[in-house]
Amino acid sequence: HDKPTALVRFRAAERCLVDECRFTCSGGTGLRFDLHSQQNRVQRCLFEHLGQSGVMICGYGPGVKNVSHHNEIVNNHIHDLGEIYWHSHGIIIWQSGENRVAHNLIHDGPHSAIIFGGNDHVIEFNEIHSVCHESNDAGAIYSGRNWTMRGTVIRCNYLHHINGFEGRGCVGVYLDDMYCGTTIASNLFYKVTRAAFIGGGHDNTIA
């Protein structure tokens, strides 16, 4: 899995629109943007029954930060993921900055619904349920391990029925291992084991 595949892959793409597409029945990821992709939009798409993840936006290679930016993932339905590789996610944003994830419905996945790294993302108005069903030390929305990645806002999301592997617990929004500078505000949690967890970072706000 060090060379993930995708049904559709964009590299260094700018101002592309993916609209009303269906990504299904693949052993890999549905859609991937990388290598300095910016100002692209994914909207009104269906991602289902995938071996790995739904959508990826990332840089390219170790140490590359904030190069894929100002992309939007909005109004998509993402479900039944990780059917081959359990460590898969609905949406991955990595080595990138200033992207927006909004108004998506994400459910039925073995691990996190949204995992992010980089700076100044906005994650808002998403509904997430029935994820992390093969994980306990996990969050429906997750990031960690880099205190220099700051400025993300996680707001107005609805997270429900998230209780981890065998109902033994997990987290709604998980800022792991010194993750800093994030705002978690106006989210609704219902039947989630723990709403939020701060794993040692600073300058985080929960409101």
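- By the 4.5 Å heavy-atom criterion applied to side chains, Ile123 and Asn157 are counted as neighbours.
- Under the 4.5 Å side-chain heavy-atom criterion for Ile, Leu, Val, Met, Phe, Trp and Tyr, Phe189 and Ile198 are members of the same hydrophobic cluster.
- Proximity of a side-chain donor or acceptor of Asn75 to a complementary backbone N or O of Gln43 within less than 3.5 Å is not detected.
- In this structure, the separation between OG on Ser68 and CZ on Phe33 is 9.5 Å, given to the nearest 0.5 Å.
- Taking the six-membered ring for Trp and thresholds of 30 and 60 degrees, His87 and His111 have ring planes inclined between 30 and 60 degrees apart.
- Contact record, Ala195 with Val171: O-CG1, 4.1 Å, taken as the closest heavy-atom pair.
- Cluster annotation: Val8 is connected to Ile57 through the hydrophobic network of ILVMFWY side chains, with a link wherever side-chain heavy atoms come within less than 4.5 Å.
- For the pair Ser26 and Thr29, the tightest heavy-atom approach, listed with the atom from each and the gap, is OG-O, 4.4 Å.
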Under the ring-ring contact (aromatic ring centres under 6.0 Å, His included) rule, what do His129 and His160 come out as? Steps first, then yes or no, please.
CA-CA 5 Å; His129 70 86; His160 61 99; 4.8 Å; yes

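- For Phe165 and His133, the ring centers are positioned 6.0 Å apart or more.
- In this structure, the side chains of Phe47 and Ser53 stay at 4.5 Å or more apart for every pair of heavy atoms.
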Kindly determine whether Thr24 and Leu50 satisfy side-chain contact (heavy atoms from CB on, under 4.5 Å), including the steps that lead there.
CA-CA 6 Å; Thr24 187; Leu50 296 170; 5.6 Å; no

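- Here the closest heavy-atom approach between residue Ala113 and residue Val131 is recorded as CB-CG1, 4.2 Å.
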Assess the residue pair His107 and His77 against the criterion (ring-ring contact (aromatic ring centres under 6.0 Å, His included)); give the C-alpha distance rounded to whole Å, side-chain angles, the decisive distance to 0.1 Å, and a yes or no.
CA-CA 9 Å; His107 61 93; His77 187 186; 5.0 Å; yes

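- Other residues, nucleotides and ligands contribute at most 12 non-hydrogen atoms within 6.0 Å of the OH atom of Tyr190.
- With hydrogens and angles disregarded, no donor-acceptor distance shorter than 3.5 Å links the side chain of Thr183 to the backbone of Val153.
- Annotation: the span from His103 atom NE2 to Arg44 atom CZ amounts to 13.5 Å, rounded to 0.5 Å.
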Under the side-chain contact (heavy atoms from CB on, under 4.5 Å) rule, what do Val101 and Ile114 come out as? Steps first, then yes or no, please.
CA-CA 9 Å; Val101 178; Ile114 300 170; 4.0 Å; yes

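- A distance of 14.0 Å separates OG in Ser37 from NE2 in His70, rounded to the nearest 0.5 Å.
- Of all non-hydrogen atoms in Ala140 and Cys132, the two that sit nearest each other are N-SG, 3.9 Å.
- Between Ile106 and Ile91, the closest side-chain pair of non-hydrogen atoms falls below 4.5 Å.
- How far CZ of Arg100 is from CD of Glu72: 5.5 Å, rounded to the nearest 0.5 Å.
- For the residue pair Tyr179 and Asn204, no side-chain donor N or O sits within less than 3.5 Å of a side-chain acceptor on the partner.
- Residues Ile141 and Phe125 do not share a hydrophobic cluster, defined by chaining ILVMFWY side chains whose heavy atoms lie under 4.5 Å apart.
- For the atom pair CD1 (Ile84) and CD (Gln52), the distance works out to 7.5 Å, reported to the nearest 0.5 Å.
- The side-chain heavy atoms of Ser96 and His121, taken from C-beta on, include a pair separated by under 4.5 Å.
- Applying the side chain to side chain contact (heavy atoms under 4.5 Å, CB included) rule to Arg150 yields the partners Asn119, Cys180, His202, Asp203; only residues at least two apart in sequence or on another chain are considered.
- Smallest separation of non-hydrogen atoms from Asn163 and Cys170: C-SG, 3.8 Å.
- Contact check for Phe23 versus Val18: side-chain heavy atoms found under the 4.5 Å cut-off.
- Between Tyr174 and Asp137 there is a side-chain heavy-atom pair separated by less than 4.5 Å.
- Between His79 and His49, the two ring planes are perpendicular [angle over 60°; tilted spans 30° to 60°].
- For the pair Leu175 and Ile184, the minimum side-chain heavy-atom distance is below 4.5 Å.
- Cluster annotation: Val122 and Ile154 are assigned to distinct hydrophobic clusters (Ile/Leu/Val/Met/Phe/Trp/Tyr, side-chain heavy-atom contacts under 4.5 Å, transitive).
- Put simply, Phe116 and Ile206 are part of the same group of oily side chains (I, L, V, M, F, W, Y) that touch within less than 4.5 Å, one to the next.
- Counting only distance, with no hydrogens or angles, the side chain of Asn76 and the backbone of Val74 share a donor-acceptor pair below 3.5 Å.
- Listed for the Asn71 side chain is no donor-acceptor partner under 3.5 Å among the backbone atoms of Asn99.
- In this structure, Asp176 and Tyr142 have side chains that are in contact, with non-hydrogen atoms separated by less than 4.5 Å.
- Here the CG-CD distance, from Leu46 to Glu20, works out to 11.5 Å after rounding to the nearest 0.5 Å.
- Defined by atom type and a distance below 3.5 Å, a donor-acceptor pair is missing between the side-chain atoms of His36 and His69.
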